[in-house]
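Read through the structure below, which is laid out as structure tokens, and then see the notes.
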Amino acid sequence: MSATQGPEGTPALMNCMEPIHIRAKEVRKAIEEFLLKIEHEHTTLSWPTVLDNFALLSGHISSLLSMMKSDKTLPLRNYPVVPLRLNPDTDPVLMELTGRRVPIMSHAEVPDYLRTKPDPEVEQTERQLLAEVMPHTEQTSVSPAQLTQFNKQCNRVLDKIKVARSNWQADQVNSRSSATAVTFKQRATEELVAAVYYGRGIKLTTPVATLQSADQKTIIIPNTKVSNPSKLSSFYEKYTDQSNRKKNHFPVKHKHKLCVSDLPDEIIVKIFAFLDIDNLLQVTCVCRKWKHLSEDSLLWHDTFKRFFDVGINTAYSKLMKLTLSDTKREFDKSSVSWKRQFFNHCRTRNQRLLSNVKIDPYAGVTLASDIFEKYHIKFQLLIKDKQDKDHYFPMQSSCQRNPFKASILLQCHSLHSFPPLKSIKSLSIFAVTALVLGHGCCPVQGSPTKLGLVKCENLLVDAKERELADIASDDQIEMHKTPGGFLVGSWKGTDDPAIIYAPLPCYNLVQKSFFSTRERIFSPAHRVVLDDIDPRYGLHGYTCYLHLHSSTKTLWQDKFSHLSSNESVEDGVLIMTPDSSCVGPFKLLSWRWKTELFSGLIKNLAVLDIVVKDCNKDVIWAASSPVTSQSISSSKLSFEQSGPLMLVHHEDDCGIVTVTYATSTDGFPSVPSIKICLKASKINQWFGTKY
């Protein structure tokens, strides 16, 4: 080749072209591999594999372009490539470089393969098109912020693809390495079978008989075994025929098999001693013998000692006092059920530690920060479809650093696909807690965990599906509200869930997490306090805390004290209207959702937290539910506002809350009306009255 800058630029040009040539080879190799996969593996090729190959090609091409645009790379346009010699003979080097597309470098091939500029007609057409496009491109410009955001999203998608590909490759390697290797020889197996059934290879001390097999071999059989020689011969022929087949390597069936249950009871108990508590509880479901052995007193005595070393003497003394008080016989330590004592001690200790739960002085419920930081509670979402298949997903708090006062908002979004929205049968939330708590309510090292049901909703009642209300949407997802308060977001125009929210009130949430079971939600017993002096007992002295928030920030909150009603219960409802002239600042309702790849903003959607205390300072009503704002007619109210009136409404089995606010042009809404209603059925159940 010849360079326009003279011979002194040739070494620099060669050094510049060498890495570009290597990158071009990598691009070519990646394209060839992709084409081979399309040709030979088109029946088994999956869409993620195609995306991986496209990502690989994109990475190679991007690196090649960035290398050519680098400041260290010489301007290649100043170095036109021309052939030094034209030869009619076939050039093998040229064929190898061009993939056997150009066999010779002749005058006929030069204009097609080595042209540095297009034809004059093409140049003229290109100039005309550029002249037409330039005025439009000058008017519309893309901001650098948009380009930066687009590049971030592309890089994030590429990172996710690379991580998924590496995980898939690791799973493939693990599955190959975990394959069971062949540890037997076919010939040795046949000799063992012949020795067991026919005595081949065993020195005989008794009279023998001979048997002719199908392969003309003489088999020596003891007379004590030969009850039916024809049956033995047919069995041996059948076994050898099956063992020679590659697909039928079945083990020989013996009449007496050895299993774990045949071991002595002491050995089985010794094996059970190496299990943790979760597995020790699971082996009780195997059979009656294992259940009896897994409840061995010495086994659970060691477990009790490992977790509660200082509590053994205390447990003995309590049991001794109870035994001596009930009966006059002596206390027998061997009769103690240490399994029952272990769980009773766990429950008693947890109750003592959870009795000192801190209460927020403003909201009047448990501090939300303690749920995650002090008690280390984690949550899981269980989705059961109509085929009764369970799908577990971890849930996280959407605002864990700065939690809300009266509730926690759990969210779940996964790259793995959720079940379709129409196939969901029930939604349940489980709290994962430690079974044994130490000092400061921290889980003891090695403590097993348990699942406690804290919220459950069945979407299929009496073989009828409960309809999900479409409450809000944006250009990407649609939000649906279940009757129980779940917020399910599905991709717009599809039946695939994208994100699931679950607001949980903090009232008694710690107790529910630790004392609930898998099937039953813990509900503390309420002691009815009667009053025969006050004729309006249960109709006054209420305190209400209202909190309206989005997924990440507070929109409005206020506390109202000494609430009462001037009238008695009407239409089964006690209506209380607090003074709304001194309410706190109010913001418009909005909901910001975010997954690992996408995010958006939905208007007129929020979560309303309600905490109502009675005159005895006990929480009578605690709720947390998604709400929307709806426009109402101004003729219903007696005041005038500059903007349209919006209504936020919530109703459940305990009561009704409505908040009316007016939007304005200055962007600061006002709250002209708040109405809090308690249902008479709840008041009568709580106070023992008959209103």
Side-chain angles (χ1 to χ4, degrees), residues 16-17 19-31 34 47-78 118 122-123 125-167 398-399 401 411 413-415 417 472-479 489-494 496 498-499 550-553 588 590-603 605 667:
C16 177
M17 288 298 297
I20 295 177
H21 185 62
I22 294 173
R23 291 291 182 182
K25 283 186 176 180
E26 293 178 356
V27 174
R28 175 184 172 184
K29 184 179 179 181
I31 294 174
F34 186 40
W47 181 242
T49 307
V50 176
L51 291 179
D52 291 344
N53 284 273
F54 272 117
L56 184 62
L57 288 174
S58 176
H60 286 316
I61 294 173
S62 300
S63 61
L64 180 60
L65 292 177
S66 62
M67 184 180 295
M68 295 179 67
K69 293 179 181 180
S70 177
D71 297 336
K72 298 180 181 180
T73 306
L74 296 176
L76 300 180
R77 292 181 180 272
N78 299 334
V122 178
E123 290 184 352
T125 306
E126 184 180 1
R127 283 195 292 269
Q128 292 178 1
L129 293 174
L130 289 175
E132 294 177 0
V133 172
M134 285 301 294
H136 300 285
T137 56
E138 292 177 358
Q139 296 177 2
T140 60
S141 60
V142 181
S143 63
Q146 294 177 348
L147 291 176
T148 304
Q149 185 68 20
F150 179 74
N151 291 332
K152 288 183 179 179
Q153 295 292 340
C154 292
N155 294 333
R156 193 176 299 173
V157 172
L158 290 176
D159 293 339
K160 295 295 180 183
I161 292 173
K162 291 179 181 178
V163 171
R165 182 181 180 184
S166 61
N167 293 337
S398 62
C399 192
R401 294 183 178 179
Q411 66 175 2
H413 54 83
S414 176
L415 291 177
S417 59
S473 64
D474 62 357
D475 56 348
Q476 298 185 58
I477 66 172
E478 297 177 351
M479 283 294 181
S490 62
W491 298 114
K492 200 163 188 179
T494 65
D496 300 328
I499 189 169
S550 66
S551 59
T552 56
K553 62 181 180 179
L588 295 177
S590 62
W591 189 273
R592 183 169 297 278
W593 62 272
K594 183 178 181 181
T595 63
E596 294 183 356
L597 297 178
F598 304 97
S599 61
L601 182 66
I602 300 177
K603 296 182 179 180
L605 178 62

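What you see is a predicted model; the values in this text were computed from it and never measured. Note that these values count all heavy atoms, side chains included, but never hydrogens, waters or copies made by symmetry.
Two residues are said to be in side-chain contact when any heavy atoms from C-beta on lie closer than 4.5 Å; Met479 and Ile499 meet this criterion. Taking the side chain as every heavy atom from C-beta outward, Met67 and Pro19 approach each other to under 4.5 Å. Here the side chains of Lys492 and Ile477 are not in contact, with every heavy-atom distance at 4.5 Å or above. Between Leu65 and Ile61, some side-chain heavy-atom pair lies under the 4.5 Å cut-off. Within the 4.5 Å cutoff, the side chain of Gln153 has no heavy atoms near those of the Val157 side chain.
Judged purely by atom type and a 3.5 angstrom limit, Thr494 uses its side chain to pair as donor or acceptor with the backbone of Trp491. Side-chain atoms of Gln476 come within 3.5 Å of backbone N or O of Ser599 as a donor-acceptor pair. Between the Ser590 side chain and the Lys603 main chain, no donor and acceptor come within less than 3.5 Å of each other.
Closest approach of Met68 and Ile20 over heavy atoms only: CG-CD1, 4.1 Å. Ala472 and Ile602 get closest at one heavy-atom pair: CB-CG2, 3.4 Å.
With values rounded to the nearest 0.5 angstrom, Asn53 atom CG is found 7.0 Å from Arg165 atom CZ. Phe598 CZ to His413 NE2: the interatomic distance, rounded to the nearest 0.5 Å, is 12.5 Å. Note that OG of Ser166 and CD1 of Ile161 are 12.0 Å apart. Values are rounded to the nearest 0.5 Å. Separating the CG atom in Leu597 from the CG atom in Asp159 is a distance of 10.5 Å, to the nearest 0.5 Å. Note: Lys152 NZ to Cys154 SG = 13.0 Å, rounded to the nearest 0.5 Å. Taking CG from Leu51 and OG from Ser58, the interatomic distance works out to 11.5 Å, rounded to the nearest 0.5 Å.
A salt bridge links Arg23 to Glu26: one of the charged nitrogens lies within less than 4.0 Å of a carboxylate oxygen.
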| Should Leu56 and Phe34 be marked as a side-chain contact (heavy atoms from CB on, under 4.5 Å) after you check the CA-CA gap, both sets of side-chain angles, and the distance that decides it? | CA-CA 10 Å; Leu56 184 62; Phe34 186 40; over 6 Å; no

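No more than 12 heavy atoms of other residues, nucleotides or ligands sit less than 6.0 Å from atom NZ of Lys25.
Remark: of the listed residues Asp474, Leu601, Leu605, Thr552, Asp474 is the sole one forming a side-chain contact (heavy atoms from CB on, under 4.5 Å) with Trp593.
Between Trp47 and Phe54, the gap from one ring centroid to the other reaches at least 6.0 Å.
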